[in-house]
Visitor: 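Structure provided below as structure tokens; questions to follow.
Only heavy atoms go into these numbers, but all of them, side chains included; no hydrogens, no water, no symmetry mates.
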Amino acid sequence: MSQTEPQSNDPRFDPERVVRAPHGPQRTCKSWQSEAAYRMIQNNLDAEVAENPRHLVVYGGIGRAARDWQCFDAILAALRSLDDDDTLLIQSGKPVGVFRTHSDAPRVLIANSNLVAKWAHWEHFNELDRKGLMMFGQMTAGSWIYIGSQGIIQGTYETLAEAGRQHFGGTLAGRWLLTAGLGGMGGAQPLAAALAGACSLTVECQQSSIDFRLRTRYLDRQATSVDEALALVRHFCQRKEAVSIAVLGNAAEIFPEIARRANSGEDVRPDLVTDQTSAHDLIHGYLPIGWTVEQWKIAQRLPDEHPRLKAEAAKSCAAQVGAMLDFLRLGAPVFDYGNNIRQVALDQGITNAFEFPGFVTAYVRPLFCRGKGPFRWVALSGDPEDIHKTDAKVKELLPENHHIHRWLDLARERIAFQGLPARICWLGLGERHRVGLAFNEMVRSGELKAPIVIGRDHFDAGSVASPNRETEGMRDGSDAVSDWPLLNAMLSTAGGATWVALHHGGGVGMGYSQHAGLVIVADGTDAAARRLERVLFNDSGAGVMRMADAGYEDAIRCAQEQGVRMPMLK
């Protein structure tokens with residue numbers, strides 16, 4: 001056993017465990033509602049999908065699908081036993097009860113990482129985590145709707161495309177993006193940049209992550225040094241070729257090095273700068289300057305080393321943010337991609353860390369105002385042809401939406417499926433429920449080989465309160481009001497979602513966010529159709545409601561056009 005492997009008595013580590021979701025039309029559970037959850041939790045831990053499945057880690061540092069392997073097995077057993085009027089309760093990755101509800105109620109209700117405000121910080125969470133009393137659910141890790149890096153790729157594509165419209169006359173051809181992080185979320189960046197027409201250079205500290213992105217075709221090539229990387233960027237930009245490049249190293253060292261060269265007059269200034277390391281988690285997510293990866297992994301397992309590790313990681317984050325501010329002063333558009341790295345730098349004394357905006361404030365909020373966000377679906381059959389048929393159905397339903405048509409064509413051509421075949425597509429209010437109903441009819445008619453699971457990221461128009469990310473700079477100052485995700489979760493439950501999750505800390509870390517997720521199954525029945533229409537309209541409508549309540553004119557118009565009833569909307 002390597003020094004960096006945990007001890008054999010760690011209940012969250014099983015070196016022999018191989019997880020893969022069942023495929024096909026035959027059920028293991030009593031209904032497709034339970035079967036969908038049964039398959040999706042296993043799909044989250046498929047080696048093609050998860051970052052570190054033997055540790056139950058799906059993505060984002062320590063975002064897990066279950067608290068430990070005993071809990072994982074108990075969840076599967078409980079799902080197999082559920083009747084059509086049972087609801088399973090999950091408390092931070094542990095199945096704690098099954099209660100009689102009704103057939104339209106969720107089959108599973110999940111709460112992960114939620115702490116009372118005074119205690120909502122990493123220190124208290126880590127203490128509970130060590131005692132086996134809690135699990136970090138991230139966003140879609142602990143709510144069982146992660147679909148691999150495709151789950152974020154369209155959001156990154158939309159963000160970069162909007163940056164191209166705002167800063168470069170509508171095209172990123174011949175431009176290059178400097179970023180960092182090739183983990184579960186960051187790994188989408190190179191392919192998203194290429195789809196948007198840009199060249200990209202991504203700094204990554206672990207060779208295994210680079211290898212994975214090369215193998216899954218999210219990344220085109222690896223440079224052997226910073227000099228070679230910059231030369232390749234220059235070469236491909238001159239030819240307006242959208243090629244993605246990675247370089248092995250620490251962003252806290254390489255970003256300042258490129259900034260130093262740019263400040264000295266060398267022609268190496270990026271056209272766009274961001275970052276998607278897991279800086280929200282200073283123990284598991286960010287490699288300190290001067291540390292080897294092996295030293296870092298050992299320190300993660302030793303609680304006595306955590307204060308030193310956190311301090312060194314925080315100083316390193318500050319160094320990277322300092323370089324990003326240098327790029328901003330040099331005229332490059334710079335934005336935070338939602339991992340709380342600006343807050344870490346601010347806490348380290350970088351008083352102007354928030355001088356560059358977050359990506360939602362800069363590029364995404366107009367989409368949220370119309371309820372648009374990361375709508376995703378999964379073919380429980382395991383047959384890619386079912387996804388191709390649903391792609392065609394979306395095009396048929398939205399014939400005038402050429403942007404979506406282009407996205408679906410690019411996705412089919414460039415994105416390799418991981419685990420159960422899946423698709424993500426940013427759809428808004430008035431679109432999602434129509435798509436869900438159409439999928440349900442395709443299952444009913446036999447056009448699809450098995451039911452479709454429909455969900456979304458917790459990152460959505462009205463499902464999250466995150467003042468350093470999704471709700472940064474709200475027009476009415478309501479950035480930190482977490483009533484909205486709580487209402488969203490309750491509305492999804494009342495409407496009949498198949499499972500609903502309410503989490504704390506995802507994306508930006510403990511103390512900085514509250515968020516809700518939902519999943520619903522299209523199984524071809526009339527009952528499913530009624531639930532789909534309610535849940536998918538209400539969920540997207542709640543996002544429009546949230547934005548309209550904050551005073552955004554586009555959201556107010558959308559609410560009026562789509563019939564969202566807001567008693568105080570004039």
Visitor: Could you grab the distance from atom CD1 of I210 to atom CZ of R213, nearest 0.5 Å is fine?
Guide: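 If we round to the nearest 0.5 Å, I210:CD1 and R213:CZ are 11.0 Å apart.
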Visitor: Do the charged groups of D383 and K389 touch, with an N to O distance under 4.0 Å?
Guide: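 Salt bridge between D383 and K389, a charged N being under 4.0 Å from a carboxylate O: no.
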Visitor: Rounded to the nearest 0.5 Å, what separation is found between the CD atom of E355 and the CE atom of M324?
Guide: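 Atom-to-atom, E355:CD and M324:CE are 12.0 Å apart.
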Visitor: Please check if the side chain of Q166 supplies one atom and the backbone of A163 the other of a donor-acceptor pair under 3.5 Å.
Guide: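 Checking the backbone N and O of A163 against the side chain of Q166, no donor-acceptor pair under 3.5 Å is found.
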Visitor: Regarding Q207 and D211, do their side chains bring together a donor and an acceptor under 3.5 Å, going by distance alone?
Guide: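 Result is yes, a qualifying pair exists.
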Visitor: Donor-acceptor pair, N263 side chain versus I258 backbone, under 3.5 Å?
Guide: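 No, the answer is negative, given that no donor and acceptor are paired below the 3.5 Å cut-off.
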Visitor: Classify the ring geometry between H167 and Y363 as parallel (under 30°), tilted (30 to 60°) or perpendicular (over 60°).
Guide: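 H167 and Y363: perpendicular rings.
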Visitor: Check the orientation of F136 and F125. Use parallel for under 30°, tilted for 30 to 60°, and perpendicular for over 60°.
Guide: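 Answer is perpendicular, since the angle exceeds 60°.
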Visitor: So, do Q418 and I147 sit near enough that their side-chain heavy atoms are less than 4.5 Å apart?
Guide: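 When only atoms from C-beta onward are counted, I147 and Q418 do not touch, as no gap falls below 4.5 Å.
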Visitor: Does a side-chain N-to-carboxylate-O contact under 4.0 Å join E257 and R261?
Guide: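 Yes, this pair counts.
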Visitor: To the nearest 0.5 Å, tell me how far L182 CG sits from Q276 CD.
Guide: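 Between L182 CG and Q276 CD, I get 10.0 Å after rounding to 0.5 Å.
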Visitor: Would you name the heavy atoms of C199 and F236 that are closest together and state the gap between them?
Guide: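 Of all heavy-atom pairs spanning C199 and F236, the closest is SG-CB, 4.0 Å.
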Visitor: Less than 4.0 Å between a side-chain N and a carboxylate O, is that true for R423 and D391?
Guide: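 Result for this pair is yes, salt bridge flagged.
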Visitor: Please state whether the rings of H403 and Y157 are parallel, tilted or perpendicular, taking 30° and 60° as the class boundaries.
Guide: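 If you compare the ring of H403 with that of Y157, the planes turn out parallel.
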Visitor: Check D386 against S381 and note the closest heavy-atom contact, atom names and distance.
Guide: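 Smallest interatomic distance, heavy atoms only, reads OD2-OG, 2.8 Å.
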Visitor: Kindly assign one of parallel, tilted or perpendicular to the pair W144 and W499, based on the angle between their ring planes and the thresholds 30° and 60°.
Guide: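 If you compare the ring of W144 with that of W499, the planes turn out tilted.
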Visitor: Checking side-chain polar atoms at under 3.5 Å, does R239 have a donor or acceptor matched by the opposite partner on H235?
Guide: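 Looking only at side-chain atoms, H235 and R239 do form a donor-acceptor pair, the distance falling under 3.5 Å.
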Visitor: Do D347 and R342 sit within salt-bridge range, that is, some charged N less than 4.0 Å from a carboxylate O?
Guide: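 Salt bridge absent between D347 and R342.
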Visitor: Are F356 and F335 near enough that their ring centres are under 6.0 Å apart?
Guide: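 Centroid separation for F356 and F335: 6.0 Å or greater.
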Visitor: If you round to the nearest 0.5 Å, how far is CD of E158 from CG of L195?
Guide: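 With rounding to 0.5 Å, CG (L195) is 11.0 Å from CD (E158).
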Visitor: May I ask you to check whether E305 and Q300 show a side-chain donor-acceptor distance below 3.5 Å?
Guide: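 Side-chain D/A pair, E305 to Q300: absent.
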Visitor: Do H503 and I110 have side chains that get closer than 4.5 Å, going by heavy atoms?
Guide: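 Answer yes - side chains close enough.
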Visitor: For T179 and Q189, test the side chains for any donor-to-acceptor distance below 3.5 angstrom and give the result as yes or no.
Guide: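 There is such a pair (donor and acceptor under 3.5 Å, judged by atom type) between the side chains of T179 and Q189.
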Visitor: Looking at side-chain heavy atoms only, is the closest gap between L309 and L282 below 4.5 Å?
Guide: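 Contact flag for L309/L282 side chains = no.
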Visitor: Does a donor on one side chain and an acceptor on the other come within less than 3.5 Å for H458 and S143?
Guide: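 There is such a pair (donor and acceptor under 3.5 Å, judged by atom type) between the side chains of H458 and S143.
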Visitor: Quick one: are Q154 and I404 in side-chain contact, heavy atoms under 4.5 Å?
Guide: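 Side-chain contact under 4.5 Å: yes.
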Visitor: Would you say S200 and W176 are linked by a side-chain donor-acceptor pair, where the criterion is simply a distance under 3.5 Å?
Guide: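 S200 and W176 do not have a side-chain donor-acceptor pair below 3.5 Å.
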Visitor: Pair Q138, H280 - check side-chain hydrogen bond (donor to acceptor under 3.5 Å, both in side chains), show working.
Guide: CA-CA 11 Å; Q138 251 301 343; H280 66 278; 3.1 Å; yes
Visitor: For residues A188 and S149, report the shortest heavy-atom separation together with the two atoms involved.
Guide: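 It is CB-O, 3.6 Å.
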Visitor: Tell me the closest heavy-atom pair linking A461 and F368, and the distance in Å.
Guide: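 That would be CB-O, 3.5 Å.
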Visitor: With a 4.0 Å cut-off on N to O distance, would you call K297 and E294 a salt bridge?
Guide: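 Salt bridge: no.
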Visitor: Between L177 and V273, is there a side-chain heavy-atom distance shorter than 4.5 Å?
Guide: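 No. Closest side-chain heavy atoms not under 4.5 Å.
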Visitor: So, T277 versus D275: side-chain donor-acceptor pair below 3.5 Å or not?
Guide: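 T277 vs D275: donor-acceptor pair found between side chains.
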Visitor: Taking 4.0 angstrom as the limit, do R329 and D326 come out as a salt bridge?
Guide: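 Looking at D326 together with R329, the answer is yes, because their closest N to O distance falls below 4.0 Å.
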Visitor: Counting only N and O atoms by type, is there a donor-acceptor contact under 3.5 Å from the side chain of N340 to the main-chain atoms of Q343?
Guide: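 No.
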Visitor: Would you check if R469 and Y337 make a side-chain contact, meaning some heavy-atom pair closer than 4.5 Å?
Guide: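 No; the side chains remain at least 4.5 Å from each other.
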Visitor: Output yes when D460 and R432 qualify as a salt bridge under the 4.0 Å nitrogen-oxygen rule, no when they do not.
Guide: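 Here D460 pairs with R432 in a salt bridge, since their nearest N and O are under 4.0 Å apart.
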Visitor: For C317 versus V344, what's the shortest heavy-atom pair and its separation?
Guide: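 Here C317 and V344 meet closest at CB-CG1, 3.7 Å.
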Visitor: Counting N and O atoms only, with roles assigned by atom type, does the side chain of R39 sit under 3.5 Å from a partner on the main chain of A21, one being a donor and the other an acceptor?
Guide: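 Looks like no, no N/O pair under 3.5 Å.
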Visitor: Do the non-hydrogen side-chain atoms of T156 and F359 ever get within less than 4.5 Å of each other?
Guide: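 T156 does not reach F359 side chain to side chain.
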Visitor: Would you say the side-chain atoms of Q206 pair up with the backbone N or O of V293, donor to acceptor, closer than 3.5 Å?
Guide: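 No.
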Visitor: Which distance, rounded to the nearest 0.5 Å, do you find between the NE2 of H284 and the CH2 of W296?
Guide: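 If we round to the nearest 0.5 Å, H284:NE2 and W296:CH2 are 9.5 Å apart.
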Visitor: Measuring from atom CZ of R54 to atom CZ of R12, what distance do you get when rounded to the nearest 0.5 angstrom?
Guide: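 Going from CZ on R54 over to CZ on R12, the span is 14.5 Å.
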Visitor: Checking ring pair (Phe, Tyr, Trp, His ring centres under 6.0 Å) against H55, which of F13, F72, W69 comes through?
Guide: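 Among F13, F72, W69, the one meeting ring pair (Phe, Tyr, Trp, His ring centres under 6.0 Å) with H55 is F13.
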Visitor: Taking the side chain as C-beta and beyond, is there a heavy-atom pair between V334 and T274 under 4.5 Å?
Guide: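 Contact flag for V334/T274 side chains = no.
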Visitor: Ignoring hydrogens, what is the shortest heavy-atom contact between A345 and A318? Give both atom names and the distance.
Guide: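 The answer is CB-CA, 4.0 Å.
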